[in-house]
Protein chains: 2
Amino acid sequence: METRTRILEATWRLLEERRGRGVRMRDVADAAGISRQAVYLHFGSRSDLLVATARYLDEVRGLGERLRGYRAASSGVERLEAYVEFWGNYIPEVYGVARALLADREVDEAAAAAWDDRMGAVRESCRSIVEALHDDGMLTSGWSIEEATDLLWSILSIRNWEQLTIECGWTTERYVALIRELSRHAFVRKAQEHDHAC
Amino acid sequence: METRTRILEATWRLLEERRGRGVRMRDVADAAGISRQAVYLHFGSRSDLLVATARYLDEVRGLGERLRGYRAASSGVERLEAYVEFWGNYIPEVYGVARALLADREVDEAAAAAWDDRMGAVRESCRSIVEALHDDGMLTSGWSIEEATDLLWSILSIRNWEQLTIECGWTTERYVALIRELSRHAFVRKAQEHDHAC
DNA sequence: TTACCTGCTTTACACTGTGTCAATTGACAC
DNA sequence: GTGTCAATTGACACAGTGTAAAGCAGGTAA
C-alpha cells in the first residue's frame, strides 16, 4: 500500500478510536509505521491531513451512493425523510474525523474553509428539501424558503447530533426518529389531516 | 478598583471585542495593566479565569432578574415564550466569554465541568417549560417529557445560536421570533385551533 | 562502475502559549 | 526597623507544530 494511503488509514483509525480527540502528528506517524517528518512529506500540515482524511473517508464510505435514496425521492416529504435517515446514519461513521476538523476550524483558516465547504453541501440539501416541500404546497406557512433552510440546516448540524447522542445518550435510531418527527412538525403542513378531519 | 476585578473586566472586554478568539494570558495582563505572572496570583489557570469571568458577567448582567419574566409565567406557552425571549437576548451579550469557555472545554476538565454546569441550568429550564406544557395538556403528543426536553435544549444551544446568527446572518429579533415559532410548531399542541375550526 | 534520483530517516531547532519558580522591590503597618 | 503582602522581573519546563539539513538505501540510467 502506498505510504500516503497508509497515513490516511492510520489517521482515520486513530480519529475514530479516540473520537477525534488528542490525535497528534506523532501518533499518526507511529500508527502508520513511519517517522513524524515523513508525514509532512505527504501533507503540508495537520489541517491538510485532516481535510484529506475527510475526503478519503467520503470516498471509501461511498457518500455518493448513500445519497441515492434522497436523490430519488419524488415528494418533499420523502426527500426530507430520506435525508434525515441518511444523515443520522452517516454522522456516527465519520464523527471522529468531523470532530477533529471542527476543532481545527477554530484555529486554521484552511480547515475552516474545508469544513464550510462540506457543510455548504449539507445546506444545499436542506434547501432542496425545503424547495420540494414548497413546490408540493407542503411547507408550513410562515417560513420563507431561506428561513426554513437555515433552521433545518441548524437542526441537522453535527453539533446538535453531538449534543443529542453523546450528551443526552440518544441512540442513532432515536436520533433519526425524533429529528424526523421534529422537522415534520416544524416544516410539513398539517392541512391535509385537518381537511380530512372536517 | 481591586486588581482581581480589573483582570475580570479586562478579560471580559477582550473576549467580547475578539468574540472569544485569540485572547491569551499575555493580552489579559497587558489590558489589566499588570504583569502576566500577576494574573496567576489571582487565577490558577486560564480555565479558572474564564469560569470566573463567566460568573462575574452573570452577576453584572443581572442574570437572576432577567429570568423574572420566565419565572413569573403561569402557563407553559408563556413560559416557553418568555424563556426564548430572555435567552435570545442574553446570548449575544455573553457570547465572547461563552465561546472561549466552549473552546477550553475541549481541552480542560475543569472548564468542561463549569460549562456543563451552566448548560445544566438551561436544561432545567427546558424541562420546566416542557413540564408546564405537559401539565397544561399542551405538549404535542408523541414526545415524552425527556425527549422534548432534550430537543428543546438542543434547539436553544449556543452552537445553534452561533450557526443561525453568525453563519446565517440572522439578527437577534429574527432569532427570537423564529426559534419561538419553531418550538411552538414542535412542542405546542395544535388541538385547540383544530377544535375551533370544526 | 559511477552518477543520480527518490523516499525516508535522524537529529536538531524555532516558535507559541501555558504554567512554575525564585529573587527582588515598594508600600504600608506596627 | 521588621514583617508582610502584592506585584515585578527573568528564567525555565513542557507540549505540539512545523522547518531545515545531512545521511542512507533502493532503483535507474549513462
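What you are looking at is a predicted structure, and each value in this text was computed from that prediction instead of being measured. Chain letters run A, B, ... following the sequence lines, proteins first, then strands; residues in each count from 1.
In this structure, CE of M25(A) is placed 7 Å from P of dT17(D), rounded to the nearest angstrom. Atom CZ in R26(A) sits roughly 9 Å away from atom P in dT10(C) (whole-Å rounding). Whole-Å rounding puts the L50(B) CG to dT18(C) C1' distance at 13 Å. Going from atom CG of D27(A) over to atom C1' of dA15(D) covers 12 Å, rounded to whole Å. Atom OH in Y40(A) sits roughly 16 Å away from atom C1' in dT10(C) (whole-Å rounding). Atom CZ of F43(A) is separated from atom C1' of dT17(D) by 16 Å (rounded to the nearest Å).
For the atom pair OG1 (T11(A)) and CD (E16(A)), the distance works out to 11.5 Å, reported to the nearest 0.5 Å.
Side-chain atoms of R6(A) and E2(A), non-hydrogen and from C-beta on, never get closer than 4.5 Å to each other. Contact of the E147(A) side chain with the R174(B) side chain is registered, since non-hydrogen atoms from C-beta on lie closer than 4.5 Å.
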Subject >> Per-nucleotide protein contact string for nucleotides 6-12 of chain D (B base, S sugar-phosphate only, - none; heavy atom under 4.0 Å) >> reply: -BBBBB-
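For dC30(C), the paired base is dG1(D) (Watson-Crick or G-U wobble, both distances below 3.5 Å).
One side chain, S128(B) or R79(B), offers a donor N or O that lies under 3.5 Å from an acceptor on the other. Between the side chains of E9(A) and Y56(A), at least one donor N or O lies within less than 3.5 Å of an accepting N or O.
Of the residues L151(A), I145(A), D135(A), the one that meets the side chain to side chain contact (heavy atoms under 4.5 Å, CB included) test with V130(A) is I145(A).
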